[in-house]
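Let me begin by presenting the structure, written as structure tokens, before commenting on it.
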Amino acid sequence: MPTIYNNVCSGLCPASCRLKTHVQNGILTEVKGDPHDLYTLGRLCAKGYTLLESVYSPERVIYPMKQIGKGTNSWQRISWEQALTEIAKIIIRIKDEQGNLWPVCLDQSLGTKGVLNRSVEGFFNSIGLITKIIGSPCESAGSDALRLSYGSCKKPAPEDMLNSQLIIIWGGNPAVTSLHQMRYVFEAQARGAMIVVVDPIFTATAARSDLYFQINPGTDGDLALGIAKVLLEEDLLDRSFLENYTKGWPEFRSLLKRLDLKDLASRTGIPVSEITELARIYGGHKPATLWLGCGGQHTPTGGQNYRLINVLPALTGNIGIAGGNVHYFSKDIGDFPSVFTDLSATEAWNSQDKKELLEHRRLGTGGVASLRTLDPPIQLLWVAGRNPASQDPDSDKVKQGFREIPTIVVADLFMTQTAQFADYFLPVTTPFEAEDIVISCWHYGTAVNEKAIEPVGECKSDFQIIRELAAVLNRMTPGFSRFPVEREAAEWLDLEMQKLYPLLGIDHYLELAGGYQRVNLAPVPWQDKLFLTPSGKYEFPLEYSKVQGTPPFLNPSAVPGSSKVYPFRLISRRSSFLLNSQFGNSARLKSLENSSVILINPEIGRLKNIVTGDKVKLYNQLGELGFEAYLTPSVPPEVVVAYVGAESGGDGLNTLVPLAENDLGDVIMGVKGFSFHQSYVNLYKVIK
Ligand SMILES: Nc1nc2c(c(=O)[nH]1)N[C@H]1C(S)=C(S)[C@@H](COP(=O)(O)OP(=O)(O)OC[C@H]3O[C@@H](n4cnc5c(=O)[nH]c(N)nc54)[C@H](O)[C@@H]3O)O[C@H]1N2
Ligand SMILES: Nc1nc2c(c(=O)[nH]1)N[C@H]1C(S)=C(S)[C@@H](COP(=O)(O)OP(=O)(O)OC[C@H]3O[C@@H](n4cnc5c(=O)[nH]c(N)nc54)[C@H](O)[C@@H]3O)O[C@H]1N2
Ligand SMILES: [Mo]
């Protein structure tokens, strides 16, 4: 009989699915969804069903390795003792030579993985002031939009969608990226709710909708303004909400009056009549909810566009009511204080009166390409739970930057594009091999992940790695790290969870073991209408916003567009069989979909003499990538669509995506987000 353990899929995905893991003789024999998981009802995505094989995958790296010559693929297996001693020596040498640790840089996952993953940042805080890659390539511009309008990114509980009469899915493709939530969409639809999708591509989600609007990329703000103008003109407003709970409505109203609906419509590519129809639908269905995806905010004015979309629930009083509000990633859980990150060595610096060194040096995601140009330049980079050589914009530059960094340490499961530039590869455990806690950023479900098997090979958890590194450092130079190495993982978890215990109604995290609890946040936010903005009211965006120095939202002129040389806008979509750059090595998943397919409109196919199945090259000023063409009217002629995480001869999509910040992200994260969907390319057919 197998022993059954409780695990949680801790990938960078909002669902955080609970798993039932069968183990026999110390080996995983089956990984299934947990039927008691109220969010998933025991179902997993295709990737989830391959978790077991990824644990035992021959491609998984299970010993510490040292590369002799960056990028040479000449790896030697070494012992943990050697790896950690050599790395510790380098860190100590840097501090001796430089007098500080700014030449040490950390690029760590920002996802909702295990709570213990935060220990990596805690360790680096404990040795001094380093350089940190901060910000997020993910949702930060949209989060700022919500923060500026409401004061915080609160979201309704997933099942609150069942109370909606209308669900507008805007800038996201949840039929691929958020499968379990789609269950609520379908159920709401079956109960009579109307489903609307706004996306430049006719996606799988659009295919299941009642009404689809094909918007020109990057013009979501114009569409929102158009809808708002019609709502005003046709008096579809909730005047009581506007008068009592908002700030800036008179200014916003006068702006709407001045705007020309035809202008707005022509920018969006959606006719005035259709914008009017959408406005009437939104104004005529209450409660109505908006489900904002990440895609729409990965555009140059994506942050301000999301602020403008967020005007719609304020105009119609769809805030603070069941079935209303906006579903977007929440920051409410991520914002809980962390004992790990509280660890700091600043006292030591204070005593030496080095006031200029009282802060970490911070650099935005995407800045990895320029780490050697900093003063002092980075000498050691530690990457954990990230794959910037694939996922950050302008990946050739990122790789070039990596070549110049004297020492790179990558802690990962697989030999990623980033790891190819590592000097040390430190193999980490999967969720099945170490205890942890996972909290979903979408439904707040909090579950204990049990250790089901011993680590494969010599893999260690990130926590165990940095704990041992702290011990080695202190052995060589007593007091170098203030990381309390004697504290066990379980004690850390208990400490880290203290702040959440009251919200979970428990006294110790083990009370959750085998069970599952949601952090007790309001299932319908803002019922009290007490907004967390400076005014305490919902705040309309100002035409020329002075808030945090954000740019005015009517500023499309600053954005470069297509040219004769590079006429097609390259948009990325996600594959059901990849998680960003992960799962690409599963043969089973690969057999289900060819991720190197790009979508092209048939009109362009005719023009360029390309048919489905042809080999094509996409190119622009940054480089060239090979793909396979798939002709489909689901994409407009001026757009070409490729998969995030798609690979072509070792190079990924971001080879062709320039590093371009968008307009928000810095309010919450300190640095701005990215416009991944602002790359222009051309293409040609490859003749064999
Ligand atoms: N299977 C799978 N699931 C995933 C992931 C994965 O890689 N694979 N990744 C996870 C992560 S990290 C994230 S952040 C989420 C993201 O998942 P989603 O929130 O669904 O967002 P994206 O997949 O980035 O973008 C989805 C859509 O945005 C559209 N889009 C692009 N530009 C614009 C625009 O200007 N306006 C509008 N209205 N739409 C636009 C694209 O056409 C695309 O259909 O998914 C998570 N789930
Ligand atoms: N062109 C384009 N680029 C994009 C996007 C886009 O839409 N278009 N989307 C962006 C978005 S939304 C995101 S979130 C980013 C994601 O980009 P990244 O943050 O780089 O995420 P992943 O590609 O998922 O890589 C995570 C790595 O962590 C490893 N890993 C998994 N578990 C652990 C662990 O416990 N410990 C350690 N040390 N490692 C672990 C995995 O094997 C994998 O190599 O990509 C961004 N890049
Ligand atoms: Mo993301």
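Atoms within a ligand are numbered from 1 in the order they appear, just like the ligands themselves.
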With nothing but distance in play, are any N or O atoms of T219 less than 3.5 Å from an N or O of ligand 1? no

So is there a nitrogen or oxygen of N216 less than 3.5 Å from a nitrogen or oxygen in ligand 1? no

Report yes or no: does R60 contribute a side-chain atom to a donor-acceptor pair with the main-chain N or O of F414 at less than 3.5 Å? no

Decide if the gap between the ring center of Y680 and the ring center of F568 is smaller than 6.0 angstrom. no

Is there at least one pair of N or O atoms, one from T429 and one from ligand 2, spaced under 3.5 Å apart? no

Taking only heavy atoms of N654 into account, list the atoms of ligand 2 that are under 4.0 Å away from them. 1 (N), 2 (C), 3 (N)

With heavy atoms of V644 as the reference, note each atom of ligand 2 found under 4.0 Å away. 6 (C), 7 (O), 8 (N)

Any heavy atom of E139 under 4.0 Å from ligand 1? The part involved is neither

N/O donor-acceptor pair under 3.5 Å between T655 side chain and S395 backbone: no

Looking only at non-hydrogen atoms, find the nearest pair between I571 and P217 and report the distance. CD1-CG, 3.8 Å

Under 4.0 Å from a heavy atom of V176: give me the atoms of ligand 1 that qualify, with their elements. 1 (N), 2 (C), 3 (N)

Both conditions, 6.0 Å and 45 degrees, for the charged tip of R467 above the ring of F483: are they met here? no

Between F432 and L51, is any pair of side-chain heavy atoms under 4.5 Å apart? yes

Determine the minimum heavy-atom distance between F202 and A207, stating which atoms define it. CZ-CA, 3.6 Å

In terms of heavy-atom contacts, P658 and Q621 come closest through CG-NE2, 4.4 Å

In ligand 1, the atoms that come under 4.0 Å of a heavy atom of G171 are 25 (O), 26 (C), 27 (C), 28 (O), 37 (C), 38 (N), 39 (N)

Do any nitrogen or oxygen atoms of A411 lie less than 3.5 angstrom from nitrogen or oxygen atoms of ligand 2? yes

Quick check: do V410 and L426 have side-chain heavy atoms less than 4.5 Å from each other? no

Numbering the atoms of ligand 2 from 1, which are under 4.0 Å from a heavy atom of A384? 38 (N)

Strictly under 4.0 Å, does any heavy atom of Q582 approach an atom of ligand 1? no

Closest heavy-atom approach to atom 36 (N) of ligand 2 among L579, D462, L116 is made by D462

Considering both backbone and side-chain atoms of D220, is one of its nitrogen or oxygen atoms within less than 3.5 Å of a nitrogen or oxygen in ligand 1? yes

Heavy-atom contact check, 4.0 Å cutoff: does C138 meet ligand 1? yes

Applying a heavy-atom cut-off of 4.0 Å, say which part of L578 lies close to ligand 1: side chain, backbone, both or neither. backbone

Identify, by atom number and element, the atoms of ligand 2 in contact range of S572, meaning under 4.0 Å from any of its heavy atoms. 1 (N), 2 (C), 6 (C), 7 (O), 8 (N)

Knowing that exactly one of D392, T418, T365, T416 qualifies, which makes a side chain to side chain donor-acceptor pair (under 3.5 Å) with R386? D392

Does R208 CZ have over 12 foreign heavy atoms under 6.0 Å away? no

Taking the six-membered ring for Trp, are the ring centroids of Y282 and W170 within less than 6.0 Å of each other? no

Side chain, backbone, both or neither: the part of H677 lying under 4.0 Å from ligand 1 by heavy atom: side chain

Any idea which atoms of ligand 1 are less than 4.0 Å away from a heavy-atom of W170? 38 (N)

Non-hydrogen side-chain atoms of N662 and T301 separated by less than 4.5 Å: no

Is the closest side-chain heavy-atom distance between D436 and F463 below 4.5 Å? no

Does any N or O of ligand 1 fall below 3.5 Å from an N or O anywhere on D199, backbone included? yes

Under 4.0 Å from one or more heavy atoms of T416, ligand 2 contributes atoms 44 (O)

For E661, which residues count as a side-chain hydrogen bond (donor to acceptor under 3.5 Å, both in side chains) partner, sequence neighbours excluded? none

With no hydrogens and no angle check, is any side-chain donor or acceptor of Q67 less than 3.5 Å from a backbone partner on A422? yes

Tell me which one of S679, A642, G385, C459 gets a heavy atom nearest to atom 40 (C) of ligand 2. G385

Where ligand 1 meets K47 - atom numbers and elements under 4.0 angstrom, heavy-atom basis: 1 (N), 2 (C)

For V120 and ligand 2, answer yes if some heavy atom of the residue is under 4.0 Å from a ligand atom, otherwise no. no

Using a heavy-atom cut-off of under 4.0 Å, does the side chain or the backbone of S575 touch ligand 1, or both, or neither? backbone

Mind checking whether C294 contacts ligand 1 via backbone (N, CA, C, O), side chain (CB onward), both or neither, at a 4.0 Å heavy-atom cut-off? both

Counting heavy atoms under 4.0 Å, the part of N580 that contacts ligand 1 is both

Contact atoms of ligand 2, heavy-atom distance to D412 under 4.0 Å: 27 (C), 28 (O), 29 (C), 41 (C), 42 (O), 43 (C), 44 (O)

Quick one: look at T299 and ligand 1, take heavy-atom pairs under 4.0 Å, and tell me if it's side chain, backbone, both or neither. side chain

For ligand 2, find out whether one of its N or O atoms is nearer than 3.5 Å to an N or O atom of N387. yes

If we only count N/O pairs under 3.5 Å, is H298 in contact with ligand 1? no

Would V196 and D210 count as a side chain to side chain contact (heavy atoms under 4.5 Å, CB included) here? Give the steps. CA-CA 6 Å; V196 174; D210 299 293; 6.0 Å; no

